[in-house]
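Notes to accompany the following structure.
Indexing begins at 1, ligand by ligand and atom by atom, following the structure's order. The shown structure was predicted, so the numbers you read here are calculated from the model rather than taken from an experiment.
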Amino acid sequence: MFGFLKEKLKKVFDKLKKDETAEVKEIEKRLGEEKKVIVKLGKEEKKLGDRKKEIKKELREALNDKDEKMLGSKASGIAKNHQDSSAKEEKIGQKLEKIEEKIEIIEEKKEEKKGFFEKIREKFSGNITEEEFEEFFQDLEIVLIENNLSIKVIDDLKEKMQREIIGTSLKKEDLPEKIQYLLKQRFKEILLEPFDLVEKIKEKKKGPFVIVFFGINGTGKTTTIAKVANMLKKKGLSIVLAASDTFRAASIEQLEKHAANLNLKVIKHEYGSDPAAVAFDAIAHAKARSIDVVLIDTAGRMHTKADLMKEMEKIVRVSKPDLKIFIGESIVGNDMVEQASKFNENIGIDASILTKADVDEKGGAMISIGSVTGKPIIYLGVGQTYDDLEKFNPEKMIKSIF
Ligand SMILES: Nc1nc2c(ncn2[C@@H]2O[C@H](COP(=O)(O)OP(=O)(O)OP(=O)(O)O)[C@@H](O)[C@H]2O)c(=O)[nH]1
Ligand SMILES: [Mg+2]
């Protein structure tokens, strides 16, 4: 889960960081090399200076020598030495001059480099312009779209980021961290902490707790109902299932098969009958037998989409559910967001369960669903067995992205 998104985000941020650091590193390397040359020349200068001092001392000693004999015997030697020393001194002087010139050039170069380095620093530490933000956001946008985040969520994100980045005192060098921070913040706001379903059911003192599950065909409604029933049963709750998908062929048998596996009762009518009436009967059955929970399975497809919405509205009107749970597939992207949005407008979603998370590498649909419904995702379907229902953990999700 989120592996794909995580990897792509990392690439976007790394690219940004690499651009800055590579250039600065290059300048630092070059400065380092120049410094080495200066140190080397400095050493040479010192050596020559020492040698000059030595020769001067030698000369002074020889000239100050008061010993006549010594002077006499050494006269020619000293004169020669003096000559040699003077020649040497002259040579050293010339050499030193050259070295001093070189040092001067290097100092100049150093200053030049310093200026250049400052310029580079400036380039990466200035404030962010609108164009620069656009350029960066394009990369991020592609990654988010690839990972099934809806356009609406992306636009929201962009607007928020623009406000917090462009024209503020934020430095470019801090941009990747800031973007990550803002993404994380936004994801945290969207992915609400789920409520505890079992607790919620137990809190209801009078009558059965009624849950209606809806969503388009094939998303995993019936399978999820079986998973939820299995989980609630393990928590000691009694359950009855309502076969309110009277439209799709074999839908009732499918639910009955799960019920038989889990040792549960199904309330059913004929195919083509009124799904709201089935729900009504299931609730009456639960009331009469003090059953804790009624789980209503619904159709995912009718003759038209408008028919489907009308039918869901009627089921809701008749059954007055305590919870309306949207079942969405995590593997389909923007389509599902569109569906969720429609269901939310028409019926009102209280919570979502996202199925097939086991085969989804992207995970962006969660963010989109959370954003569109403004309600928590409470579980993830993570496989095809009854136990493959995982409590949704927003913190864990966010950690897995960043
Ligand atoms: N891998 C995986 N498969 C799932 C998951 N949930 C459901 N499925 C599979 O998805 C397919 C459709 O599941 P159903 O429960 O029949 O879906 P539905 O929404 O009731 O479909 P309709 O009744 O036709 O609207 C089945 O093959 C399920 O086994 C899940 O979490 N992971
Ligand atoms: Mg079904």
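For Tyr379 and Phe392, the ring centers sit 6.0 Å or farther from each other.
The protein non-hydrogen atom at the shortest distance from atom 16 (O) of ligand 1 is Gln254 NE2, 2.9 Å. What sits closest to atom 29 (O) of ligand 1 on the protein, heavy atoms only, is Gln384 OE1, 2.5 Å. In this structure, the protein non-hydrogen atom closest to atom 15 (O) of ligand 1 is Thr223 OG1, 2.5 Å. In this structure, the protein non-hydrogen atom closest to atom 1 (N) of ligand 1 is Asp358 OD2, 2.8 Å. Scanning the protein for heavy atoms near atom 17 (O) of ligand 1, the closest one is Gly220 N, 2.9 Å.
A donor atom on one side chain and an acceptor atom on the other are found under 3.5 Å apart for Ser238 and Asp292. With 3.5 Å as the limit, one finds a donor-acceptor pair spanning the side chains of Glu132 and Thr129. When only modelled atom types and interatomic distance are considered, Thr385 and Asp388 share a side-chain donor-acceptor pair under 3.5 Å. For the residue pair Asp297 / Thr222, a side-chain donor-acceptor distance below 3.5 Å is found, with atom types taken as modelled.
In this structure a side-chain-to-backbone donor-acceptor pair under 3.5 Å is present from Ser319 to Ile315. Not one N or O on the side chain of Ser244 forms a donor-acceptor pair closer than 3.5 Å with the backbone of Thr298. In this structure, Ser352 contributes its side chain and Ile377 its backbone to no donor-acceptor pair below 3.5 Å. A donor-acceptor contact shorter than 3.5 Å links the side chain of Lys221 to the backbone of Gly215. In this structure, Asn346 contributes its side chain and Lys342 its backbone to a donor-acceptor pair below 3.5 Å.
With distances taken over non-hydrogen atoms, the option nearest atom 22 (P) of ligand 1 out of Gly300, Gly218, Gly215 is Gly218. Among His258, Lys356, Arg301, Arg248, the residue whose heavy atom lies closest to atom 31 (O) of ligand 1 is Lys356. Of the listed options Ala357, Ala250, Gly383, Gly381, Gly383 places a heavy atom closest to atom 5 (C) of ligand 1.
Of the N or O atoms in Lys227, one or more lie within a sub-3.5 Å distance of an N or O in ligand 1. Between Lys221 and ligand 1, an N or O atom pair is found at a separation short of 3.5 Å.
If you look at the Mg ion (ligand 2), the protein N, O or S atoms less than 2.8 Å from it are Thr222 OG1.
Using a 4.0 Å cut-off to heavy atoms of Asp245, the atoms of ligand 1 that qualify are 23 (O). Taking every non-hydrogen atom of Val382 and a distance limit under 4.0 Å, the qualifying atoms of ligand 1 come out as 31 (O).
Ion pair Arg163/Glu159 flagged as a salt bridge, since at least one NZ, NE, NH1 or NH2 atom sits closer than 4.0 Å to an Asp/Glu carboxylate oxygen.
Looking at residues two or more places apart in sequence or on another chain, you find no salt bridge (charged side-chain N to carboxylate O under 4.0 Å, His left out) involving Lys287.
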